[in-house]
A.B. asks: 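Here it is: the structure, laid out below.
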2 protein chains.
Amino acid sequence: MPAAIYHLYHHPLSPESRLVRLALAERNVSCALAVEKPWEPSAVLRQLNPAAEVPVLVIEQNEDRQIISDPMAICEFLEETHTGTLLGKMPVERAEARRLVGWFNRKMNAEVTRLLIGEKALKRLRGEGEPDSSIIRAGCANVRGHLDYIGWLTERRNWLAGDILTLADLAAGAHLSVVDYLGDVPWNAFPFAKEWYARLKSRPSFRNVLSDYISGFPPPPHYSDLDF
Amino acid sequence: MPAAIYHLYHHPLSPESRLVRLALAERNVSCALAVEKPWEPSAVLRQLNPAAEVPVLVIEQNEDRQIISDPMAICEFLEETHTGTLLGKMPVERAEARRLVGWFNRKMNAEVTRLLIGEKALKRLRGEGEPDSSIIRAGCANVRGHLDYIGWLTERRNWLAGDILTLADLAAGAHLSVVDYLGDVPWNAFPFAKEWYARLKSRPSFRNVLSDYISGFPPPPHYSDLDF
């Protein structure tokens with residue numbers, strides 16, 4: 001049986017897309033990447049996902065074609081169809097990993113990531129005028145609470161949800177790597193979170209995300225530096 | 001071994017809380033309900049869930065106490081610890097159910113539920129002044145697209161994600177029952193969605209949700225009527 005071919009429709013500044021890219025890479029699943037602009041979805045994206053959102057994973061094998069949309073639906077699908085776990089073994093551990101994925105994908109997204117990406121990048125990419133500095137200030141203030149929480153967790157646990165690396169670490173890393181691309185993570189004020197991120201950043205799964213480059217938005221020099 | 005005792009911290013107008021109540025009831029898990037105001041979280045809620053959000057499920061058995069926060073983390077935990085499935089058997093079917101849960105919990109929530117609850121109920125409950133009629137108009141216009149999509153799906157499938165009832169139906173029903181409580185679902189213009197909701201509403205799992213009554217906000221007469 002020929003190997004399955006994976007395609008991921010994504011955007012480099014979409015934290016949910018980064019989460020899926022990291023989950024694929026942690027599982028050593030290689031995947032062709034197709035960039036989609038979520039604010040200007042192509043006909044292809046609209047056909048694949050009626051919500052016209054990234055990420056969308058398309059898996060082709062023989063005559064069969066599976067289309068999976070929604071970041072956690074993709075991650076749970078990979079969990080069910082591949083060996084190894086990115087959630088943990090026991091149901092209560094898996095619940096804790098999923099709780100933290102929700103924390104970053106909903107709470108951190110609303111309080112930090114969406115504000116900073118929206119004002120600093122998407123407004124310019126969409127030609128919608130000048131960023132609102134009060135929104136940027138709010139995002140920069142709020143990121144500190146999340147770094148504090150990451151530090152609090154990693155003082156008590158090896159990885160965010162427990163002993164092993166899980167989707168919780170990948171979701172947090174996905175959001176922070178986007179914010180870091182914009183230069184807005186005050187790493188030096190949060191040594192525990194910084195130590196955790198240094199461990200995450202040095203994993204092979206992170207390489208692809210660290211080589212992201214958006215035309216017109218060069219990342220700060222420390223972005224891809226493992227010794228930041 | 002004594003039976004486990006389940007407590008759910010919830011709010012009657014929280015669609016994510018309703019999703020979990022429905023998932024518990026579909027599994028015949030009885031559960032004591034404790035109302036929390038998400039806009040004024042108690043010390044207990046803050047201690048159970050650092051995000052101070054509902055729903056939170058607490059399971060007590062012998063000396064053991066498990067605390068599960070985040071709506072999908074709770075639903076997936078129930079899926080892993082109980083017999084029967086509310087997602088489907090095959091990974092690709094389960095992915096479709098999860099995609100649709102994401103559709104309702106994120107997209108419909110942002111476009112409809114949050115707007116209408118926020119303006120029509122939470123503003124008054126929180127003493128924040130008059131509702132903004134332009135936001136209410138937007139929510140009422142947007143609900144039509146979601147009813148259309150539900151109708152489109154049920155013309156092709158028995159339940160929203162496929163042959164069997166899944167969390168996709170319960171998530172859609174959770175959002176629509178909240179909007180229906182506020183009297184804002186134009187059922188008669190969407191006969192396919194109405195037929196699907198009538199089937200859902202007549203399930204024993206829906207009884208508890210249909211008996212919800214918020215002081216100062218009586219539901220419209222058709223809210224709990226199975227023949228609406």
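Small disclaimer: the values here were computed from a predicted structure and weren't measured. Convention: sequence-line order gives letters A, B, ...; per-chain numbering from 1. FYI, side chains are in, hydrogens and waters are out, and symmetry mates aren't considered; it's all heavy atoms of this structure.
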A.B. asks: With the side chain counted from C-beta on, respond yes when B/Ile68 and A/Val92 share a heavy-atom pair under 4.5 Å apart, and no when they do not.
C.D. replies: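 In contact.
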A.B. asks: Under 6.0 Å from the CG atom of B/Asp132, do we count more than 12 heavy atoms belonging to anything else shown?
C.D. replies: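 Enclosed.
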A.B. asks: For a quick test of reading the model, state the closest non-hydrogen atom pair linking B/Ala73 to A/Ala95 and the distance between them.
C.D. replies: CB-O, 3.7 Å
A.B. asks: Any chance you could lay out the salt bridge (charged side-chain N to carboxylate O under 4.0 Å, His left out) test for B/Arg98 and A/Glu80, step after step, and finish with the verdict?
C.D. replies: CA-CA 13 Å; B/Arg98 291 185 178 109; A/Glu80 291 174 357; 3.0 Å; yes
A.B. asks: Does atom CZ (A/Arg157) have a neighbourhood of more than 12 heavy atoms from anything else shown, all under 6.0 Å?
C.D. replies: yes
A.B. asks: Please classify the contact of B/Pro71 with chain A as side chain, backbone, both or neither, using a heavy-atom distance under 4.5 Å.
C.D. replies: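 Looking at B/Pro71, just its side chain touches chain A.
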A.B. asks: For the CD atom on A/Glu195, are there more than 12 heavy atoms of other groups (residues, nucleotides or ligands in this structure) within a distance under 6.0 Å?
C.D. replies: yes
A.B. asks: Crowded around B/Arg144 CZ? As in, over 12 foreign heavy atoms under 6.0 Å?
C.D. replies: no
A.B. asks: Which one of B/Gln66, B/Glu76, B/Met72, B/Lys107 has the most heavy-atom pairs closer than 4.5 Å to chain A?
C.D. replies: B/Glu76
A.B. asks: Can you tell me how far the CD atom of A/Glu93 sits from the CZ atom of B/Phe77, to the nearest 0.5 Å?
C.D. replies: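 It comes to 11.5 Å.
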A.B. asks: Quick one: are B/Trp103 and A/Ser69 in side-chain contact, heavy atoms under 4.5 Å?
C.D. replies: no
A.B. asks: Check whether more than 12 heavy atoms from other residues, nucleotides or ligands sit under 6.0 Å from atom OH of B/Tyr6, and answer yes or no.
C.D. replies: yes
A.B. asks: Indicate yes or no: does A/Arg106 engage B/Glu53 in a salt bridge with an N to O separation below 4.0 Å.
C.D. replies: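 Salt bridge: yes.
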A.B. asks: Count the heavy atoms of every other residue, nucleotide or ligand shown that sit under 6.0 Å from CD of A/Glu128, and state whether that count exceeds 12.
C.D. replies: yes
A.B. asks: Can you tell me if CG on B/Asn158 sees more than 12 non-hydrogen neighbours from other groups inside 6.0 Å?
C.D. replies: yes
A.B. asks: Is chain A contacted by the side chain of B/Arg99, its backbone, both, or neither, given a heavy-atom distance below 4.5 Å?
C.D. replies: both
A.B. asks: Does some side-chain heavy atom of A/Glu79 sit less than 4.5 Å from a side-chain heavy atom of B/Pro91?
C.D. replies: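 Side chain of B/Pro91 against side chain of A/Glu79, heavy atoms only: no contact under 4.5 Å found.
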